[in-house]
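What follows is a short report on a single structure.
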Amino acid sequence: MSVFNTGFLNTELSKPTSVFGLRLWVVIGICVGAFIVLILFLLSLCITCRCRKSHNYHRSRRGKRLGPSELTPVVSKEIQEIVHVAAPDQRPMFTPAVPEIQIDIGKTEHRVVFSDRPSSHGSGESKLTNATDSTSTPVGPPEVSHLGWGHWYTLRELEAATNGFSDENVIGEGGYGIVYLGVLQDKTKVAVKNLLNNRGQAEKEFKVEVETIGRARHKNLVRLLGYCVEGAYRMLVYEYVDNGNLDQRLHGEAGPISPLTWDIRMNIIVGTAKGYCNFPLNLCSYAPPPPPTHAYV
Ligand SMILES: Nc1ncnc2c1ncn2[C@@H]1O[C@H](COP(=O)(O)OP(=O)(O)OP(=O)(O)O)[C@@H](O)[C@H]1O
């Protein structure tokens, strides 16, 4: 049977075909060869395409790394960061030990905005880096945010005001940072709080202060005059209040007889409680109101 089949196959394959009178097995061989060549060609085409894609990807990544937007820390899409550009001879005298932090001021209306036109606010050259924008254009100092209050201070201004954040200028230390006495160029005394960035605490405290105290005007509330947002630094600038602190008032440095009588203390407690109750309603137009995180009220 198999001998018959082999003989039959040989005869069939050896028959000349209409393709140039070539035998069938030659035609089949040519077809198989052509098919293999086609497959190889397609494979090489695929590999070339892939190589080109990966080359482009790496090139774009390399380009990005060198791009201005990559010079700043990774930040969320809504973030705008001010990067201070200091002339070589005007390097900041002080570099507070604050690790790089993400800026996440979040709401559009609380972003620091910039103006191209010359402004009397602040000093020094600054540029804005917007994470959504690959180009960073040097612009003038920022005006205040849509909050419509306060003053933007440069790090250099505050350095000059606080004698380079010297120890002699330290007037207190709270849970959120060290407070320095500063004297601005116009001789105004200010309290500069350099926020500590303990697990992003600086950003949180900054946000709470700016959103709550920023717009507030009350005779019993220390005014927040402005802020400094520069690189990773977050500083708050308050009016300087020379009345000592609550601890001194309540417990000491006032002599053996405290000027705070029982009645006065009761008044203070009632007034504080009223202020505390009204605080979120008066100052926060959005919900939910931030929790009262500090001891000014
Ligand atoms: N505007 C200011 N004028 C004068 N001294 C200030 C001013 N702000 C803060 N200080 C001084 O710095 C100290 C620390 O203030 P800070 O606001 O950092 O913390 P706190 O209010 O004492 O506590 P917390 O950390 O809970 O807010 C105060 O006790 C006070 O002596």
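These figures come from a predicted structure and were not determined experimentally. Counting starts at 1 for both ligands and their atoms, in listed order.
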Can you tell me how far the NE2 atom of His151 sits from the SG atom of Cys228, to the nearest 0.5 Å? 10.5 Å
Any side-chain heavy atom of Tyr180 sitting closer than 4.5 Å to one from Met235? no
Is the closest side-chain heavy-atom distance between Arg234 and Val229 below 4.5 Å? yes
Counting distance only, does the side-chain N/O of [X] pair as donor-acceptor with the main-chain N or O of [Y] below 3.5 Å?
X	Y	value
Ser14	Thr11	no
Asn169	Leu181	yes
Thr48	Ser44	yes

Looking only at distances, please establish whether an N/O atom of ligand 1 is found under 3.5 Å from an N/O atom of [X].
X	result
Ala191	no
Lys193	yes
Val179	no

Which of the numbered atoms in ligand 1 are under 4.0 angstrom from any heavy atom belonging to [X]?
X	result
Val222	1 (N)
Tyr240	3 (N), 4 (C)
Gly175	24 (P), 25 (O)

Ligand 1 versus Glu173: contacting region, heavy-atom distance under 4.0 Å: backbone
Does Tyr238 approach ligand 1 within less than 4.0 angstrom via side chain, backbone, both or neither, non-hydrogen atoms only? side chain
Thr162 and Gly182 have their tightest heavy-atom pair at CG2-CA, 3.9 Å
Tell me the nearest of Val241, Asp242, Leu181 to atom 4 (C) of ligand 1, using heavy-atom distances. Val241
